Amino acid sequence: MKKIIIAFAAALTLPAFAQKAKTVSTEKQKMDAFVKNLMAKMTIDEKIGQLNLVTGGEATTGAAVSTGVEAKIAKGNVGGIFSLTTPQKIRKAQEIAMRSRLKIPLIFGQDVIHGYKTTFPIPLALAASWDMPLIEKTARVAATEATADGLNWTFSPMVDLARDPRWGRVAEGNGEDPFLSSAIAKAMVKGYQGNDLKAVNTMMACVKHLALYGASEGGRDYNTTDMSLDRMYNEYLPPYKAAIDAGAGSVMVSFNDINGVPATANKWLLTDLLRKQWGFTGFVASDYTGVSELVAHGLGDLKAVSGLALKAGTDMDMVSEGFLTTLNQSLKEGKVTIAQINNACRLILEAKYKLGLFDDPFKYCSEERAAKEILTADNLKFARETATKTFVLLKNENQTLPLQKKGTIALVGPLANTRSNMPGTWSVNADFARIPTLLEGLTTVAGKDVKILHALGSNLIGDPNQQIWGTAHGRDIPRDNRPESEIIAEAVKVAEKADVVVAALGEASEMSGESSSRTDIGIPDTQRRLLAALLQTGKPVVLVLFAGRPMTLTWEQQNVPAILNVWFGGVEAAHAIGDVLFGDVNPSGKITMTFPQNVGQIPLYYAHKMTGRPLGNNKWFTRFLSNYLDVSNEPLYPFGYGLSYTSFTYGDIKISNNSFKPGQKITVSTTVTNSGKRAGEEVVQLYIRDLVGTSTRPVKELKGFQKINLQPGETKNVSFTISEEMLRFYNSELKFISEVGDFKAFVGTNSRDVKEVDFKLLK
């Protein structure tokens with residue numbers, strides 16, 4: 001009887017699936033017919049024009065700037081514009097396109113990275129929330145605001161796996177783990193694109209940067225990469241594929257080379273892997289001047305490299321105009337084919353069709369929407385709540401935090417009274433004038449019973465030139481040209497009058513992000529000297545750390561009572577920091593990149609391979625084992641680490657069965673108890689290790705996580721289901737398989753502090 005019921009239920013669902021498939025098929029047929037008919041009318045120059053992406057000039061990430069844009073639009077020589085916003089400006093550009101011969105609409109894009117005008121925390125901070133519905137909603141809000149201001153294409157999500165915090169662009173990514181980054185990639189794509197790309201409040205996602213950009217040698221931006229296929233397929237490629245599987249409509253190519261061939265001209269990457277293996281059907285755009293930069297890579301002149309890029313699978317040329325100025329001649333010379341140009345053109349036109357631009361080119365040009373849907377009270381409230389969930393409590397000795405809403409607080413440091421640095425890198429649409437400073441935010445949250453004293457305390461960086469480099473794009477922090485000793489002495493006097501000192505230190509927002517690599521990732525020396533002087537007062541000191549990357553904080557961990565990493569929290573960062581410092585919100589963030597003790601340990605990440613001479617349980621040096629003479633192998637803070645104002649106690653792991661076969665599943669579970677006095681959220685993490693295999697496997701791999709909320713004294717049972725599919729990996733032949741044998745499952749509060757249980761996968 002049960003089998004009959006199941007079969008009947010399955011039969012009931014078939015018509016719905018069939019109807020949906022029929023609808024999708026019909027829509028594709030309509031699109032194919034429309035595009036085919038349009039392309040039959042297009043000249044070669046008009047087809048090539050669709051492949052040309054120019055900048056509107058509001059934000060640039062390179063030396064080149066597009067010129068003569070309006071004339072090119074009128075000729076049909078522009079397919080899209082980025083960095084042009086507002087319904088008025090976009091309508092004007094689109095009207096020019098509508099006066100061109102074939103009236104093909106433009107696509108409008110921008111780097112909407114972590115919110116639009118309602119700026120959310122930087123992506124590395126959002127990842128620290130481990131909250132997929134929250135992250136998806138930030139992308140949904142960003143899409144709603146950006147489309148209200150005329151945009152329909154975002155150069156996000158950036159899912160480059162990164163294990164070198166010297167690379168500034170770790171701020172834009174999700175950290176070091178492929179499993180977590182893949183989950184975030186899916187959430188972001190869904191948030192941007194929704195269920196209907198033709199809806200006026202959704203926008204096309206562009207997953208970037210394909211591929212391996214986060215592995216730039218030396219942590220230096222735009223640098224070369226070199227890695228094995230084992231690492232590529234098992235660790236670095238999964239987040240890109242996850243975004244594509246989630247339906248991302250476009251892909252942006254990375255700057256680096258892969259196996260000796262720059263990504264923009266890499267046929268294996270863009271055709272064999274992306275399209276043939278992964279089945280991607282959207283279009284591929286270069287990064288800013290990525291095509292012309294192939295000349296500097298040594299691949300030929302502009303005409304030669306443009307042909308190489310097109311043939312490899314790059315469909316749209318951002319700013320270089322190599323396609324626009326050379327492809328017609330290359331076609332005449334037989335260097336490229338009409339089929340290659342047609343294919344790229346078709347993909348661009350299909351994207352515009354999917355967005356509904358052929359139905360209404362001006363659908364995103366509503367001044368009414370722009371007035372009503374941007375920077376709304378609800379959006380700002382959500383931004384504030386979001387920021388509080390991303391902050392990571394790194395240390396809290398003797399319950400220094402939360403602060404009491406009474407007495408006197410000394411707020412000191414170069415980041416205490418700046419607006420422009422609060423939202424973080426890639427907040428190109430933020431209105432700095434409307435963003436509160438930390439001083440203003442704490443004053444608002446603290447209330448009338450708290451007196452807040454303020455002093456600069458130090459310059460951002462001792463070297464004035466480096467401070468200029470670290471405060472680019474209008475993020476200036478005025479320098480005090482008095483001797484450092486006088487500035488510190490002034491701050492010490494203020495601290496001595498207070499009950500507690502809050503030191504707002506770390507990086508300015510543009511000390512991380514694109515073109516912001518650093519070899520010294522500690523707090524700048526002049527700030528460190530200020531911090532030491534504040535500690536010498538004997539007052540309790542709370543370090544509010546602004547950072548766009550993991551930093552080397554060994555001295556701070558040893559000496560400062562409390563450290564709260566607030567990253568860069570977006571438009572409502574100041575109020576959110578106050579909410580957490582004063583205990584209105586209990587911090588729950590967990591880091592998604594390992595913090596090293598010093599730069600010499602880099603790259604340092606939890607999912608490393610075991611060597612033939614492992615250090616084992618020893619904490620430091622043992623001759624002829626894999627370790628250092630001068631520092632232990634341990635990180636300062638491990639992946640997944642983050643404290644709370646309460647405490648959580650884990651019970652022993654239970655397992656439903658210590659062995660299973662493919663097609664079966666087992667469950668591991670544990671109890672988590674809030675053993676403190678405050679309600680709090682905890683991220684329970686599952687890791688798995690394959691103990692014996694035909695290829696070396698990581699010592700741990702994240703395979704699951706759950707964020708739970710517990711009241712004081714409350715206990716919850718947390719369980720994870722393990723299937724054979726979760727144990728698969730790419731072997732040396734690049735076959736995606738699982739192997740029978742012994743495994744370990746680990747459950748705990750971070751990648752280091754776990755409890756374990758053994759199990760077997762049988763034939």
Side-chain angles (χ1 to χ4, degrees), residues 28 30-54 66 68-82 93-94 96-109 152-153 204 206 249-253 264-265 267 270-271 275 280-286 290-292 302-355 357-358 361:
K28 186 176 187 311
K30 288 181 180 179
M31 179 180 70
D32 291 344
F34 177 88
V35 171
K36 182 179 180 180
N37 180 60
L38 177 59
M39 289 186 65
K41 303 173 184 177
M42 297 174 72
T43 66
I44 294 298
D45 286 338
E46 287 169 333
K47 291 175 179 178
I48 293 172
Q50 287 300 302
L51 317 186
N52 187 31
L53 178 63
V54 300
S66 301
V69 172
E70 291 188 7
K72 290 170 184 171
I73 296 172
K75 292 180 181 178
N77 287 339
V78 174
I81 301 177
F82 77 97
Q94 199 72 289
I96 298 172
M98 290 300 100
R99 293 196 294 269
S100 66
R101 190 178 77 90
L102 292 176
K103 299 178 174 56
I104 299 174
L106 301 166
I107 188 173
F108 293 89
N152 45 44
W153 183 28
M204 183 169 285
C206 184
S250 60
V251 167
M252 183 180 289
V253 190
T264 310
K267 183 178 181 294
L270 302 181
T271 298
R275 297 200 182 277
F280 177 65
T281 58
F283 75 94
V284 174
S286 79
V291 171
S292 59
L302 184 61
K303 185 171 72 171
V305 299
S306 297
L308 290 174
L310 179 73
K311 289 187 288 185
T314 298
D315 304 307
M316 202 171 214
D317 173 7
M318 184 189 289
V319 179
S320 296
E321 298 199 344
F323 284 7
L324 183 70
T325 59
T326 72
L327 285 186
N328 203 331
Q329 184 62 33
S330 293
L331 178 64
K332 293 174 182 177
E333 296 173 357
K335 301 293 178 62
V336 300
T337 67
I338 186 61
Q340 290 162 343
I341 293 173
N342 281 342
N343 183 64
C345 178
R346 176 180 58 81
L347 293 170
I348 305 302
L349 295 176
E350 285 180 357
K352 295 177 179 182
Y353 184 95
K354 292 172 184 175
L355 287 165
L357 288 170
F358 288 106

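Side-chain atoms are counted along with the backbone in the values below, which use heavy atoms only and exclude waters and symmetry mates. Note that the structure is predicted; figures quoted are calculated from it, not measured.
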Minimum heavy-atom separation for [X] to [Y], with atom names?
| X | Y | answer |
| --- | --- | --- |
| L51 | F323 | CB-CD2, 3.8 Å |
| R101 | K41 | NH2-O, 2.6 Å |
| T326 | S306 | OG1-CB, 3.3 Å |
| T264 | V253 | N-CG1, 3.4 Å |
| M316 | N52 | CE-O, 4.4 Å |
| I104 | M42 | CD1-CE, 3.7 Å |

If I take atom [atom1] from residue [X] and atom [atom2] from residue [Y], how far apart are they, to the nearest 0.5 angstrom?
| X | Y | atom1 | atom2 | result |
| --- | --- | --- | --- | --- |
| E350 | L355 | CD | CG | 12.0 Å |
| I48 | D317 | CD1 | CG | 11.5 Å |
| K303 | K335 | NZ | NZ | 5.5 Å |

More than 12 heavy atoms of other groups within 6.0 Å of K30 NZ: no
Atom CD of E70: over 12 foreign heavy atoms under 6.0 Å: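 12 or below, so no.
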Check: A344 main-chain N/O paired with K47 side-chain donor or acceptor under 3.5 Å: no
